[in-house]
Amino acid sequence: MVMYKVALIPGDGIGKEVIPEAVRVLKQTNLNFDFSFAEIGYDVWKKTGQSVTEDTLEEIKKNQAILFGATTTPNGIKNYKSAILTLRKSLDLYANIRPIKSYQIKGIRNDIDLIIVRENTEGLYSEIEFGDNNSVYTIRVITKTASERIAKVAFNIANTRRKKVTIVTKTNILRKSCGLFRDTCLNIQKEYPDIETNEMYIDTTALNIIIKPEYFDVILTTNLFGDILSDEAAGLIGGLGVTPSANIGEKYALFEPVHGSAPDIAGKGIANPMAAILSAVMMLQYFQEKKYADKIENAINIVLKEAKYLTPDLGGNNTTKDFTDAVISSLDF
Ligand code: NAI
Ligand code: MG
């Protein structure tokens with residue numbers, strides 16, 4: 001039987017609470033996992049002065065996949081490097097894939113099904129900044145190579161869905177950087193003649209995601225725009241507690257909830273583990289273990305529909321563990 005080598009990185013805050021829950025669910029399957037733990041983030045920085053140490057990075061690279069919780073990026077510490085950005089760049093996880101799909105949550109419209117495909121290694125997250133106390137400059141890096149490979153991911157995903165790609169830019173103002181991104185994406189589109197493709201400005205997209213989310217199939221965009229749109233879109237389907245993501249590269253893949261370390265609720269045992277469990281589901285899809293992926297998703301929908309064991313973010317008063325227990329009881333392998 002296949003053995004899946006997976007690094008578990010809980011990180012900081014609620015990352016430490018939700019990752020063990022996702023692992024509990026994975027352990028219900030008959031699959032063989034070789035799990036190893038790695039520590040990165042702000043808690044590690046306090047001990048070592050680095051948010052990701054070289055040794056840890058080498059250990060992580062011994063795995064096929066990574067299940068990641070969330071890390072804190074504190075403000076006001078000069079030269080602090082975001083742990084998740086470091087991983088995305090060091091492992092060249094260039095495609096950030098964020099499905100926004102309606103689950104059986106009361107009060108949520110049931111027809112939302114879009115995917116945000118976000119370039120994950122450059123853009124305004126290049127971390128190239130300089131200046132003095134009076135003026136500061138951030139470099140927005142857009143390259144043809146990175147734009148091409150993310151466009152291919154988006155068009156390939158669209159090919160398996162409703163065959164529609166919306167390229168989200170601000171080419172009217174960021175004429176050169178967004179211009180190169182748009183032109184490169186349109187060039188790739190020529191290889192996918194039956195995919196309907198259009199361009200929409202980021203501000204208009206922010207509005208349309210709220211007023212007509214059914215319009216979108218695949219949104220293809222740059223790093224910062226994708227980050228903002230995915231939190232916004234999460235609001236349509238129940239919030240950050242329910243939205244998973246995948247960060248895919250040629251060699252590695254990392255799966256993580258869209259949310260951060262949520263210091264406001266950390267330590268209370270009430271974080272919603274659904275986004276982390278669904279991130280594990282995306283990992284199973286990546287491993288082509290569709291049967292288990294579908295069954296876990298189905299169990300989550302049963303628990304949501306019953307609405308008896310929900311965490312406070314979904315209007316319930318249950319704990320992180322209660323929700324996972326209910327999912328495990330609803331599994332039918
Ligand atoms: P956040 O995503 O941690 O929290 C935003 C809001 O959503 C909070 O009110 C939080 O309680 C709620 N929330 C998030 N996840 C939840 C869950 N599973 N269940 C219930 N409620 C949930 O964003 P925030 O507060 O802006 O950032 C906190 C820290 O996390 C910062 O240090 C930030 O840099 C970091 N961060 C890390 C990310 C990552 O590791 N990928 C992503 C986003 C933020
Ligand atoms: Mg974000």
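Because the structure is predicted, anything quoted here is derived from the model rather than measured. Just follow the structure's listing: the first ligand is 1, and inside any ligand the first atom is 1.
- Contacts of Y286 classified as ring pair (Phe, Tyr, Trp, His ring centres under 6.0 Å), with partners at least two apart in sequence or in another chain: F255.
- Ligand 1 has F68 within reach: a non-hydrogen atom of the residue lies less than 4.0 Å from it.
- Inter-residue side-chain proximity for R162 and D113 is flagged as met; some heavy-atom pair is nearer than 4.5 Å.
- Of all atoms in ligand 1, listed by their number and element, those nearer than 4.0 Å to a heavy atom of A271 are 19 (N).
- In this structure, the protein non-hydrogen atom closest to atom 41 (N) of ligand 1 is E256 OE1, 3.1 Å.
- For atom 14 (C) of ligand 1, the closest non-hydrogen atom on the protein side is H259 CB, 3.6 Å.
- Distance from atom 29 (C) of ligand 1 to its nearest protein heavy atom, with residue and atom name: S261 OG, 3.3 Å.
- Only side-chain heavy atoms of D264 come within less than 4.0 Å of ligand 1; its backbone N, CA, C and O stay farther off.
- The two residues S261 and A266 make their nearest non-hydrogen contact at O-CB, 4.1 Å.
- For the residues I40, I9, T73, the heavy atom positioned nearest atom 31 (C) of ligand 1 is part of T73.
- Chaining together hydrophobic side chains whose heavy atoms lie under 4.5 Å apart places L87 alongside I9, I40, V52, L57, I60, I66, F68, I84, L91, L93, Y252, L254.
- Taking every heavy atom of A70 and a limit of under 4.0 angstrom, the matching atoms of ligand 1 come to 40 (O).
- The cationic group of K170 lies under 6.0 Å from the six-membered ring centre of Y201 and within 45° of the ring axis, placing it in a cation-pi geometry.
- Side-chain heavy atoms closer than 4.5 Å link hydrophobic residues (I, L, V, M, F, W, Y) into clusters, and following such links, even through other members, never connects L124 to I219.
- Given atom 3 (O) of ligand 1, the protein heavy atom at minimum distance is A262 N, 2.8 Å.
- In the hydrophobic clustering of ILVMFWY residues, with side-chain heavy atoms under 4.5 Å counting as a link, L8 and I14 come out apart.
- Hydrophobic clustering places I277 together with F35 (ILVMFWY residues linked when any side-chain heavy atoms are closer than 4.5 Å, directly or through intermediates).
- At a 4.0 Å cut-off, at least one heavy atom of I14 sits close enough to ligand 1 to count as contact.
- With hydrogens left out, the protein atom closest to atom 27 (O) of ligand 1 is P263 CD, 4.7 Å, a heavy atom.
- Of the inter-residue distances, the one linking L207 atom CG with I202 atom CD1 reads 11.5 Å to the nearest 0.5 angstrom.
- Less than 4.0 angstrom separates atom 12 (C) of ligand 1 from none of the non-hydrogen atoms of the protein.
- From the protein, the heavy atom lying nearest to atom 19 (N) of ligand 1 is N272 N, 2.9 Å.
- Counting protein heavy atoms only, atom 2 (O) of ligand 1 is closest to G260 N, 2.7 Å.
- The option with the heavy atom closest to atom 22 (C) of ligand 1, from among T71, I265, V258, is I265.
- Given atom 7 (O) of ligand 1, the protein heavy atom at minimum distance is L240 CD1, 3.8 Å.
- Annotation: cation-pi pair R140/F225 present, NZ/CZ under 6.0 Å from the ring centroid and within 45° of its normal.
- Under a cutoff of 6.0 Å and an axis angle of 45°, K212 and Y215 form a cation-pi pair.
- For the pair K89 and Y94, the NZ or CZ position fails the cation-pi test of under 6.0 Å to the six-membered ring centre and within 45 degrees of the ring normal.
- For the Mg ion (ligand 2), the set of protein N/O/S atoms nearer than 2.8 Å consists of D227 OD1, ordered by chain and number.
- If you look at F287 and Y4, their ring centroids are closer than 6.0 Å.
- Listed by chain and number, the hydrophobic cluster partners of Y42 are W45, I77, Y80, where partners are ILVMFWY side chains within reach of under 4.5 Å, directly or through others.
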